[in-house]
Asker: 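The structure is given below, and queries will be raised subsequently.
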Amino acid sequence: MSEKKIPVIIDCDPGCDDTAALLLAFRCPELDIRGITTVSGNVSLEKTTYNALRVTEAIGSDVRVCPGADRPMFREPVYAPHVHGEDGLLGIGLPAPQKKASFYKAWDFIYEEAVAQKGELQIIAVGPLTNLGIALAANQDLAGMIKRIVIMGGAAAGGNVTPCAEFNIYVDPEAADLVMRSGIPLCVCGLDVTLKAYLTAEEIAGIKALGTPQAELFGAVTEQNCEKIFCPEGAPLHDPAAVLFAADESLFTSQRCWMRVETTGSITRGKTVTDCYSDAQKEANVDLVLDVDRERFAAKVREIMERY
Ligand code: RIB
Ligand code: CA
């Protein structure tokens, strides 16, 4: 008997790796994608929403795209054009979308869908957590209706925006800490695991050689990230790791630990503080994902991309 599909919303800031994550998510049979919500992150909200529309059209889906926050809850926006290009997709010539974004704001859609799914809704959050922070602040009963949030964000050790902070958490630390304190079951795929969840240049070339428009798009948004300082062996698939965790966590290893977010420091802004490597153990609130079977991960990515 087949497992029941998991109803999910993907909250994202496309973004190159967000695009790879969407390409994979829409061919994961385990996932019932109820909608996409967009947020200011890698590029502005206008651009992340435009990219979500044209990427989902390239996938062949008419899923609704609900725009969310155009800035963090209490801070100025932080973008990453140096990684994703000014348009958020490295200027690759993906056609303009035909469809329009929904009039529903992300936080309203998240609440409505949580009610509709009667406690079964899961969220795959691969951008700054502003939309979730707003949704939780505006709806005191929301936390009790979300089954799980799988987050790409943070790091038990290290950082990519500063030596101690990862981009998604750094951009909106207050929203991230709201989520950490919410009581919702959380699975955190931080840099600890996403830097191990890489594809080699050869593996990416092999996917691109599948020749479908979606495989070409996957190659175009991943190949440029090979052999970078953080991951000399290949291109780390940060956001796809969260999608694959949501679909098949047997690929990964996680452990229960305590995690909160630094919101007051200037040097430590956005650091995910955890007792993972500390004797100062506190009450666990997250499953921190620390390792991945990379060979199985790479094989699963290819297997999914072969479904286009
Ligand atoms: O640190 C990596 C994360 O920040 C990814 O989600 C990437 O898309 C950026 O948003
Ligand atoms: Ca992202």
Side-chain angles (χ1 to χ4, degrees), residues 9-25 36-45 47-52 55-56 65 67-72 77-90 92 106 123-132 149-173 175-176 179 187-199 217-218 220-222 224-225 228-231 234-246 261 269-272 289 292:
I9 288 174
I10 300 177
D11 188 61
C12 56
D13 59 334
C16 289
D17 58 328
D18 304 71
T19 296
L22 291 172
L23 283 162
L24 294 168
I36 305 296
T37 51
T38 53
V39 67
S40 170
N42 289 319
V43 287
S44 69
L45 175 69
K47 292 176 181 177
T48 60
T49 303
Y50 180 82
N51 290 336
V55 168
T56 51
V65 174
D70 64 2
R71 72 196 60 234
V78 175
Y79 304 125
H82 55 293
V83 176
H84 300 271
E86 282 302 324
D87 71 346
L89 286 186
L90 296 174
I92 57 177
I123 305 206
I124 302 172
V126 294
L129 295 170
T130 314
N131 291 338
L132 281 166
I149 305 175
V150 180
I151 296 165
M152 190 282 132
N160 57 8
V161 183
T162 72
C164 67
E166 177 278 328
F167 180 81
N168 287 337
I169 308 301
Y170 177 85
V171 169
D172 197 338
V179 172
C187 299
V188 177
C189 299
L191 297 176
D192 319 282
V193 68
T194 65
L195 288 173
K196 299 173 187 173
Y198 64 84
L199 292 192
L217 177 56
F218 184 93
V221 295
T222 52
Q224 91 292 348
N225 248 347
K228 285 285 174 64
I229 183 171
F230 299 124
C231 181
L237 298 188
H238 301 292
D239 295 346
V243 165
L244 263 64
F245 183 91
V261 178
R269 164 187 169 168
K271 176 170 179 51
T272 45
V289 188
V292 62

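In listed order, ligands and their atoms are each counted from 1.
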Asker: I need the contact type for Asn160 against ligand 1. Using non-hydrogen atoms and a strict under-4.0 Å cut-off, is it side chain, backbone, both or neither?
Answerer: side chain
Asker: Is the closest N or O pair between Val126 and ligand 1 shorter than 3.5 Å?
Answerer: yes
Asker: Identify, by atom number and element, the atoms of ligand 1 in contact range of Phe167, meaning under 4.0 Å from any of its heavy atoms.
Answerer: 1 (O), 4 (O), 9 (C), 10 (O)
Asker: Can you sort out which atoms of ligand 1 are near Met152, meaning under 4.0 Å from one of its heavy atoms?
Answerer: 2 (C), 3 (C), 5 (C), 6 (O)
Asker: With no hydrogens and no angle check, is any side-chain donor or acceptor of Arg71 less than 3.5 Å from a backbone partner on Ser44?
Answerer: no
Asker: Among all protein non-hydrogen atoms, which one is nearest to atom 6 (O) of ligand 1, and what is the separation to 0.1 Å?
Answerer: Asp239 OD1, 2.6 Å
Asker: Closest approach of Ala246 and Val150, non-hydrogen atoms and distance?
Answerer: CB-CG2, 4.1 Å
Asker: Which distance, rounded to the nearest 0.5 Å, do you find between the CD1 of Ile151 and the CG of Asn168?
Answerer: 9.5 Å
Asker: When you look at Val78 and Phe167, which way does the side-chain contact (heavy atoms from CB on, under 4.5 Å) test go after all the steps?
Answerer: CA-CA 9 Å; Val78 175; Phe167 180 81; 4.1 Å; yes
Asker: Output the atom name for the N/O/S atom of Asp239 with the smallest distance to the Ca ion (ligand 2).
Answerer: OD2
Asker: Measuring to the Ca ion (ligand 2), does Val126 have an N/O/S atom at a distance below 3.0 Å?
Answerer: yes
Asker: Applying a heavy-atom cut-off of 4.0 Å, say which part of Asp13 lies close to ligand 1: side chain, backbone, both or neither.
Answerer: side chain
Asker: In terms of side-chain heavy atoms, does Asp11 have a donor or acceptor partner in Thr37 at a distance below 3.5 Å?
Answerer: yes
Asker: Counting each atom of ligand 1 from 1 as listed, which ones have a heavy atom of Glu166 under 4.0 Å away?
Answerer: 1 (O), 2 (C), 3 (C), 4 (O)
Asker: If I take atom NE2 from residue His84 and atom CG from residue Asp17, how far apart are they, to the nearest 0.5 angstrom?
Answerer: 5.5 Å
Asker: Quick check for you: to the nearest 0.5 Å, what is the distance between Leu217 atom CG and Cys16 atom SG?
Answerer: 9.0 Å
Asker: What's the atom name of the N, O or S in Asp13 nearest to the Ca ion (ligand 2)?
Answerer: OD1
Asker: Can you list the atoms of ligand 1 that are under 4.0 Å from a heavy atom of Asp18?
Answerer: 8 (O)
Asker: From the options Val83, Asn168, Ile151, select the one whose nearest heavy atom is closest to atom 4 (O) of ligand 1.
Answerer: Asn168
Asker: Do you know which of Asn51, Val65, Thr19, Ile36 makes side chain to side chain contact (heavy atoms under 4.5 Å, CB included) with Cys12?
Answerer: Ile36
Asker: Record the part of Asp17 in heavy-atom contact with ligand 1 below 4.0 Å; permitted values are side chain, backbone, both and neither.
Answerer: side chain
Asker: Taking distance alone, with no angle check, do Asn42 and ligand 1 share an N/O pair under 3.5 Å?
Answerer: yes
Asker: Is Asn42 reaching over with its side chain to a backbone N or O of Asp13, donor-acceptor style, under 3.5 angstrom?
Answerer: yes
